[in-house]
Amino acid sequence: MDVATAPPVSTSPAPPRALRLLIVLGALSAFGPLSLDMYLPALPALARDFAVPDAAVQLTLTSCLIGLAVGQLIAGPLSDRWGRRVPLLIGLAGYLVASVLCAVAPNVTALTGLRAVQGIAGAAGIVISRAIVRDLYEGTAAARFFSLLMLVNGLAPILAPVVGGQLLRFTSWRGVFLVLAVIGALLLAATVVVVGETLPSARRRRGGLGQTVRSFGVLLRDPGFLRPALAGGFAFAAMFAYISASSFVLQKTYGLDPQQFSIVFAANALGIALLGQGNARLLRRRSPSALLRAGLALCAAGGGALLLSVLADLGVAAVLVSLFALVSSIGLIMPNSTALSMSGHPEMAGTASALLGLLQYALGGVAAPLTGLGANGAALPMALAIAACAAGAVVVHLWPVRRAAA
């Protein structure tokens with residue numbers, strides 16, 4: 001397959017010919033983990049440097065998350081209208097600049113604002129990479145390709161906190177943002193070389209804001225989109241509650257140092273990658289819907305076990321096992337919920353990808369501040385937020401079934 005031209009939609013991936021595209025799209029879809037996870041080990045130090053409470057530092061995570069949500073709303077519909085390549089390149093260039101500015105931020109307020117800009121720019125990689133997959137594949141093949149992306153994407157949360165923790169041995173949190181700028185530059189160069197236009201002019205959607213709003217309305221009225229999108233969104237919110245609070249909880253409450261925390265965080269991310277690859281194999285015998293249900297069950301079990309471990313003071317081992325189950329479930333949930341959500345509307349893949357991302361990051365943005373309530377580093381707010389989000393994922397997935405049976 002020549003990635004510089006748009007092939008017809010396929011029902012099965014072609015790994016040998018698509019390998020370069022797979023690697024680059026996986027890296028582009030990893031902008032969220034890269035932007036959010038690499039400086040997690042530095043959050044306590046950042047709070048000390050700026051002499052602000054932990055909650056103020058957590059807002060830099062929330063602002064980036066909001067930027068990632070808003071940016072998807074912008075880049076997704078634009079890619080349906082103008083094609084995938086140009087909005088993607090603009091977003092990557094903006095991410096590079098924003099990362100450099102974050103590294104020289106004079107105070108936490110400026111950093112919070114710049115993180116929002118960084119998220120808006122980085123969102124182009126997330127939303128457009130999903131749209132490109134939908135341009136090329138459909139059905140179970142799309143779910144399998146999204147699972148393969150989880151392997152590449154999974155390397156980001158595995159490596160990001162480890163690299164961040166090691167960087168802190170030689171530099172400050174500012175150096176972490178400079179590394180993010182270098183990553184942005186490398187991805188910009190790789191995209192120029194590897195990623196061609198996958199949406200021909202004849203398939204592009206015309207119209208402005210009104211057309212985008214009408215498309216959102218179509219998607220929100222479609223249970224085939226909304227059920228898996230919300231289920232994945234609540235699971236993502238549980239994941240982000242963990243991302244937002246685990247650095248403080250595991251270091252302040254349970255006594256891990258930055259290097260130990262980065263290893264724990266990487267082990268949990270490895271669970272995502274492993275289940276993501278297991279999902280790709282299981283799709284040969286099971287449907288995406290069945291595997292999504294299995295992932296949601298594991299997510300709910302991990303969230304419930306975490307809450308019990310904290311309430312009963314079962315110790316750090318029980319907390320870590322519960323978190324591993326919860327985080328690993330994302331490897332089953334996200335590929336299947338994404339493929340199911342986007343399966344019905346190939347003509348608006350960018351817009352569907354944008355709304356999917358908005359739901360995920362908006363729910364995550366609500367969940368993250370809840371973990372900062374109470375004493376700094378307290379485990380109970382994190383456990384409550386995670387358990388509630390995991391339960392929400394199951395409820396929204398089952399609710400239409402229960403309502404229809406009533």
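All values below were derived from every heavy atom in this structure, side-chain atoms included, with hydrogens, water molecules and symmetry-related copies excluded.
- Here the side chain of Arg85 pairs a donor or acceptor atom with the backbone of Val192 at under 3.5 angstrom.
- Taking each heavy atom of Ala354 and Pro77 in turn, the nearest pair found is CB-CD, 3.9 Å.
- Counting heavy atoms from C-beta on, the side chains of Leu326 and Leu306 never come closer than 4.5 Å.
- Inter-residue side-chain proximity for Leu307 and Leu380 is flagged as met; some heavy-atom pair is nearer than 4.5 Å.
- Contact annotation: the side chain of Val194 never approaches that of Ile23 to less than 4.5 Å [non-hydrogen atoms, C-beta and beyond].
- Looking at Gln251, its side chain does come within 3.5 Å of a backbone N or O of Ser247 through a donor-acceptor pair.
- Residues Leu323 and Val264 fail the side-chain proximity criterion, which asks for heavy atoms closer than 4.5 Å.
- A 4.5 Å side-chain heavy-atom check between Gln360 and Met239 finds every atom pair outside the cut-off.
- Leu43 places a side-chain heavy atom less than 4.5 Å from the side chain of Leu61.
- Residues in residues 115-128 take part in these side-chain hydrogen bond (donor to acceptor under 3.5 Å, both in side chains) pairs, two or more places apart or across chains: Tyr39-Arg115, Ser99-Gln118, Arg115-Gln118.
- How far CG of Leu25 is from OG1 of Thr191: 8.5 Å, rounded to the nearest 0.5 Å.
- Between the side chain of Ser353 and the main chain of Val127, a donor-acceptor pair closer than 3.5 Å is present.
- Applying the ring-ring contact (aromatic ring centres under 6.0 Å, His included) test to Phe236 and every residue at least two apart in sequence or in another chain returns Tyr361.
- Using a distance-only test at 3.5 Å, with no hydrogens or angles considered, no donor-acceptor pair links the side chain of Asn268 to the main chain of Val327.
- Residues Val394 and Leu398 meet the side-chain proximity criterion, which asks for heavy atoms closer than 4.5 Å.
- Listed by chain and residue number, nothing satisfies the side chain to side chain donor-acceptor pair (under 3.5 Å) test with Thr62 (two or more places apart in sequence, or in another chain).
- Judged as a side chain to side chain donor-acceptor pair (under 3.5 Å), and not counting sequence neighbours, the contacts of Arg169 are Gln166.
- Nearest heavy atom pair, residue Gly94 against residue Ala121, reads C-CB, 3.6 Å.
- Applying the side-chain hydrogen bond (donor to acceptor under 3.5 Å, both in side chains) rule to pairs touching residues 87-97 yields Ser35-Tyr95, sequence neighbours excluded.
- Residues forming a ring-ring contact (aromatic ring centres under 6.0 Å, His included) with Phe50 (at least two apart in sequence, or on another chain): Trp173.
- Residues passing the side chain to side chain donor-acceptor pair (under 3.5 Å) test with Asn107, sequence neighbours excluded: none.
- In this view, Ala231 and Leu296, Val396, His397 satisfy the side chain to side chain contact (heavy atoms under 4.5 Å, CB included) rule, not counting sequence neighbours.
- Between atom CG of residue Leu359 and atom CG of residue Leu219 there is a gap of 10.0 Å, rounded to the nearest 0.5 Å.
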What donor-acceptor contacts under 3.5 angstrom involve side-chain atoms of residues 174-187, with partners at least two apart or in another chain?
from   : atom 1 : to     : atom 2 : distance (Å)
Arg174 : NH1    : Ala103 : O      : 3.1
Arg174 : NH1    : Ala105 : O      : 2.8
Arg174 : NH2    : Ala105 : O      : 3.0

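- Here side-chain hydrogen bond (donor to acceptor under 3.5 Å, both in side chains) pairs that include residues 324-341, with residues two or more places apart or in two chains, are Asn279-Asn336.
- For the residue pair Ala241 and Ala385, the shortest heavy atom distance occurs at CB-CB, 4.3 Å.
- Listed by first then second residue, pairs satisfying ring-ring contact (aromatic ring centres under 6.0 Å, His included) with a partner in residues 180-202 number zero, not counting sequence neighbours.
- A pairwise comparison of heavy atoms in Tyr254 and Val316 identifies CD2-CB, 3.7 Å as the closest pair.
- Pairing each heavy atom of Leu68 with each of Gly122, the nearest pair is CD2-C, 4.3 Å.
- Of all the heavy atoms in Ile386 and Ala238, the pair that sits closest is CG1-O, 3.6 Å.
- For Glu197 (side chain) and Arg84 (main-chain N/O), a donor-acceptor pair under 3.5 Å exists by modelled atom type.
- Evaluation of the ring-ring contact (aromatic ring centres under 6.0 Å, His included) rule for Tyr242 yields Phe265 as partners, not counting sequence neighbours.
- A heavy-atom distance below 4.5 Å is not found between the side chains of Ser79 and Leu88.
- Judged by distance alone, with hydrogens and angles left aside, the side-chain atoms of Thr171 form no donor-acceptor pair with the main-chain N or O of Leu167 at under 3.5 Å.
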